[in-house]
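What follows is a single structure, written as structure tokens, with notes after it.
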Amino acid sequence: MDPTQPTYDPLLGAPPAADAAALARQAADLFTTLASAAAQEYRSLSVALGGGSTPKALYELLASAAYRERIQWPLIHFFWGDERYVPADHADSNYRMAYEALLARVPVPAANIHRMATDSPDEEAAARAAEADLRDHFKLQPGQLPRFDLILLGLGDDGHTASLFPGQPAVEVTDRLVVATPPGRLPPPVDRLTLTLPVINHAAHVVFLVAGAGKAAALQGVLHPVAGAALPASRVHPTAGTLRWLTDQAAAGSLR
Ligand code: 6PG
């Protein structure tokens, strides 16, 4: 084997980590690098957090003694890439997971936490409110897209990301920033709010966190799609930003 050739799929952009804990460290180092760069340039950092279970290890690591002192938390504004349409204290809430694992444990001003409100029965109004928050924070002119410094994404076994589920209309939306969408086929079976692809693809840095053997088939299908409709995660291609796949061996070790 040619030692100069990478021993991993070059589409990943980085070798798979040994395991989920090493993956969390890779992601925490990247997060810290971006936060430090923002601090050195005296600017804030806008981050859209990923949901589901994979990012929890990253969030807990960032709140740990190994990282928390290296980050100027008041400079960071936290948003979510998507949210389950459940109360903020519900076990399935992405906000609750991130709040408990990270935001309650570091000095982030409450005004910097931009929860997608899911308290009203009117999901469309909630999506519009989330859009209004983005327009206010990013000081958007009509038709402009928010440019997140960092968007963290997960990958569903069916190739979804955020709450952009295969075959659903939300995947094709190009004139909205946030939309309400029905559940996909994977649990939890609740409606969602999600950033749209144009917003995701306008970010400066998009990072997928993918861990576990259960994601191997989806990752193969996303990075090496066969004929047929591209999976939603395959359509994440930042137009003027970077895309990184942070994976572990279990998820990416058998990529061909
Ligand atoms: C959500 C997520 C979703 C998630 C993937 C992977 O609200 O569920 O945003 O896109 O990232 O389904 O979830 P796991 O990390 O739990 O496997």
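Start at 1 and go down the list; that is how both ligands and their atoms are numbered. Residues take their numbers from the sequence shown, with the count starting at 1. Only a predicted model underlies this, so the values are computations on that prediction, with no experimental measurement involved. The figures here come from the full heavy-atom set of this structure, side chains too, leaving out hydrogens, waters and symmetry mates.
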**OP:** Give me the ring orientation class for Phe79 and His114: parallel if the planes are under 30° apart, tilted from 30 to 60°, perpendicular past 60°.
**Re:** parallel
Subject >> Per-ligand residue contacts, ligand 1, heavy-atom threshold under 4.0 Å >> reply: Gly51, Gly52, Ser53, Thr54, Asp82, Arg84, Asn94, Gly154, Leu155, Gly156, His160, Thr161, Ala162, Arg192, Lys215
Original post:
Can you name the one residue among Val222, Thr161, Leu152 that meets side-chain contact (heavy atoms from CB on, under 4.5 Å) with Phe208?
Top reply: Thr161
Original post:
For the residue pair Pro146 and Phe138, what are the closest heavy atoms and their distance?
Top reply: CB-CD1, 3.4 Å
Subject >> Stepwise side-chain hydrogen bond (donor to acceptor under 3.5 Å, both in side chains) check, Thr118 with Glu83 >> reply: CA-CA 8 Å; Thr118 56; Glu83 184 55 276; over 6 Å; no
**OP:** Please list, chain by chain and in numerical order, all residues satisfying side chain to side chain donor-acceptor pair (under 3.5 Å) with Asp119, sequence neighbours excluded.
**Re:** Arg115
Subject >> Distance (rounded to the nearest 0.5 Å) between Thr196 OG1 and Leu164 CG >> reply: 7.5 Å
